[in-house]
Novice: 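Structure incoming, see below.
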There are 2 protein chains.
Amino acid sequence: MRNADLEEIRDLPLFRDMDGDHFGNLMRGAYHQNFPPQVTLIEEGRPADFLHIVTEGAVELYAGWNGRETTMAVVRPVATFILAACINDAPYLMSARTMMPSRIAMIAGSDLRATFARDAAFAQAIVRELAGCYRSVVRHAKDLKLRASRERLAAYLLRHARGSGAFDLPVEKRTLASYLGMTPENLSRALKSLGPDGVSVDGMRVTITDAAALVAVACPTPLIDGGDGCGDLSYTGSSSNC
Amino acid sequence: MRNADLEEIRDLPLFRDMDGDHFGNLMRGAYHQNFPPQVTLIEEGRPADFLHIVTEGAVELYAGWNGRETTMAVVRPVATFILAACINDAPYLMSARTMMPSRIAMIAGSDLRATFARDAAFAQAIVRELAGCYRSVVRHAKDLKLRASRERLAAYLLRHARGSGAFDLPVEKRTLASYLGMTPENLSRALKSLGPDGVSVDGMRVTITDAAALVAVACPTPLIDGGDGCGDLSYTGSSSNC
DNA sequence: CGCCAAATTGAGTCCGATCAACGACAGTGG
DNA sequence: CCACTGTCGTTGATCGGACTCAATTTGGCG
């Protein structure tokens with residue numbers, strides 16, 4: 001593994017404070033590979049063999065049932081995913097596929113469990129990581145249960161506007177629709193219907209023309225939309241997902 | 001705190017393996033109180049001061065937004081809740097209220113954080129607990145996004161049937177409806193509509209008259225319905241097609 | 001018995017899904 | 001350079017599921 005990659009991973013909150021030797025051991029048994037787009041890295045139901053870390057590209061976490069499929073999250077560099085399954089040595093609950101050419105590091109789950117049993121600082125980092133992941137999924141569930149689809153969309157746009165009034169959608173609209181729990185057709189209509197509420201769209205480009213009006217629709221709150229920047233669809237993170 | 005209570009708490013996976021002195025210290029600073037029904041124990045948004053443990057009764061975890069409200073989980077003895085917020089020293093994402101006369105132990109969050117930094121076995125237990133909670137919320141989210149309301153209800157009934165064909169609903173129907181993401185009216189209609197699919201209802205009493213038919217509706221899978229029983233009211237999942 | 005909350009039932013409406021058609025665009029190969 | 005092709009996004013029309021509102025009925029409890 002390249003030194004730059006190692007340092008990047010070492011800088012993650014998850015690994016920052018752990019013992020150097022332990023980190024070295026973990027990484028010695030790790031893989032780091034390039035993948036083309038649209039490659040399935042993980043299939044839900046399979047035993048959790050490896051903790052994954054995205055160092056380049058983007059990975060979609062999704063789940064299926066009975067022929068249906070839904071996007072649960074998008075993970076961008078540098079962040080980990082499916083930590084919980086590895087820790088519990090349980091089957092993955094989500095599948096993962098690359099969305100673009102990506103570089104993925106993989107750490108054996110057994111090494112992970114052995115190390116976190118020996119390294120207190122690492123165990124603490126894992127606790128914090130998991131607690132963050134847990135809270136982000138709770139937010140997602142609240143978003144789904146408490147808001148209507150138009151409101152979810154408005155809140156999503158505000159989360160990604162971050163001060164500046166214009167930005168590019170970080171993912172395809174069909175993926176965004178799935179993440180927000182609606183159909184692509186409905187997302188299209190919902191975007192248009194937000195015109196009077198201060199949203200203008202041109203392709204992937206979104207411009208917030210009236211933030212106050214949009215806020216009135218979305219009623220954003222840190223208890224759903226978060227402040228710690230973890231867990232939303234596509235954030236660039238030194239944190240993780242899983 | 002009574003000795004019987006202490007032992008019960010000590011027997012929880014979360015505390016079982018930790019150092020005896022550390023456990024003693026934690027409990028010395030803890031409260032244990034009785035509450036009448038319908039008492040609000042926690043309000044979302046407040047700073048997370050205490051880890052809570054239900055030793056008797058039942059507690060509803062719920063969340064609100066913009067005048068709406070939804071049930072996220074029901075916690076029954078003996079189990080903890082809002083661990084994640086305490087660990088992260090972050091605001092609660094959910095509110096909690098007693099559903100019946102209940103007995104609740106409370107451990108100061110600061111003690112908790114101090115102890116898990118010193119006690120490796122405790123840290124490991126917390127990791128497993130959190131990983132389990134995380135996975136249960138992921139399942140809840142998958143349930144909401146992938147299944148229609150009728151299917152969610154069918155799956156819920158199967159989860160709680162546990163072999164025997166008859167059981168009592170563990171919560172009020174309005175609460176169940178909220179947990180499943182529907183209105184009480186719709187739950188009523190959905191229950192009736194499951195008659196031809198092998199469900200008969202009399203008050204709180206549910207009888208599965210044709211498990212195969214109900215399975216055909218719910219398509220249960222451990223990846224949504226099964227497993228490590230935190231959050232929902234657990235179920236040891238098995239059979240699945242689809 | 002009487003009170004209140006929960007549950008059911010019915011009727012009407014709306015949101016969101018489905019189905020189908022079309023335009024925009026990128027990549028491919030002739 | 002340009003048809004060919006597949007995917008994505010949009011739009012329209014229609015359908016169905018779920019919500020709302022309102023009226024009873026049921027059941028629990030003082």
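Note on naming: letters A, B, ... go to the chains in the order of the sequence lines (proteins, then strands), and numbering restarts at 1 for each one.
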Novice: Please determine whether the number of non-hydrogen atoms from other residues, nucleotides or ligands lying under 6.0 Å from atom CZ of R205(B) exceeds 12.
Specialist: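 Yes, because the 6.0 Å sphere around CZ of R205(B) holds more than 12 heavy atoms from other groups.
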Novice: Measuring to OP1 and OP2 of dT10(D), would you say a side-chain N or O of K173(A) lies under 4.0 angstrom away?
Specialist: yes
Novice: Let me know the distance between CD of Q38(A) and P of dG27(C), rounded to the nearest Å.
Specialist: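 The answer, rounded to whole Å, is 14 Å.
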Novice: Side chains of E129(B) and T80(B): any donor to acceptor distance under 3.5 Å?
Specialist: yes
Novice: Between T183(B) and R189(A), just flag the one whose closest nucleotide in DNA chain D comes earlier from the 5' side.
Specialist: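 Going by which nucleotide is closer to the 5' end, it is R189(A).
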Novice: What's the closest nucleotide to the A148(B) side chain, out of dA18(D), dA17(C), dA6(C)?
Specialist: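 Output: dA18(D).
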Novice: Write down the distance between CG (L194(A)) and P (dC15(C)), rounded to a whole number of angstrom.
Specialist: 13 Å
Novice: What integer distance in Å separates L187(A):CG from dT18(C):C1'?
Specialist: 16 Å
Novice: For M100(B) and dG28(D), what is the distance between atoms CE and P respectively, to the nearest whole Å?
Specialist: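 My rounded result for the distance is 15 Å.
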Novice: How far apart are the C-alpha atoms of H140(A) and Y179(A), what are their side-chain angles, what is the distance that settles it, and do they pass the side chain to side chain contact (heavy atoms under 4.5 Å, CB included) test?
Specialist: CA-CA 9 Å; H140(A) 190 51; Y179(A) 174 73; 3.4 Å; yes
Novice: What integer distance in Å separates L176(A):CG from dC8(D):P?
Specialist: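 These atoms are roughly 14 Å apart.
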Novice: For E185(A), report the nucleic acid contact type (base, sugar-phosphate, nothing); a contact means any heavy atom under 4.0 Å.
Specialist: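 It contacts base atoms.
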Novice: Any Lys/Arg nitrogen of R68(A) or E151(B) sitting under 4.0 Å from an Asp/Glu carboxylate oxygen of the other?
Specialist: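 Looking at E151(B) together with R68(A), the answer is yes, because their closest N to O distance falls below 4.0 Å.
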Novice: Verify the contact: side-chain N or O of S149(A) to OP1 or OP2 of dG16(C), cut-off strictly under 4.0 Å; return yes or no.
Specialist: yes
Novice: Take the protein atom CZ of R150(B) and the nucleotide atom P of dG17(D), then report the distance between them rounded to whole Å.
Specialist: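 It is 9 Å, rounded to the nearest whole Å.
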Novice: With a cut-off of less than 4.0 Å, is there a side-chain N or O of N186(B) near OP1 or OP2 of dC19(D)?
Specialist: yes
Novice: Tell me whether the OP1 or OP2 atom of dT10(D) has a side-chain N or O from K192(A) closer than 4.0 Å.
Specialist: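 So the side-chain polar atoms of K192(A) never come under 4.0 Å of the phosphate oxygens OP1 or OP2 of dT10(D).
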Novice: Grab the CZ-P distance between R174(A) and dG6(D) for me, whole Å please.
Specialist: 16 Å
Novice: So, K142(A) side chain and T70(B) main chain: donor-acceptor pair closer than 3.5 Å or not?
Specialist: no
Novice: In whole angstrom, give the distance that lies between atom CD of E151(A) and atom P of dG16(C).
Specialist: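 To the nearest whole Å, that distance equals 9 Å.
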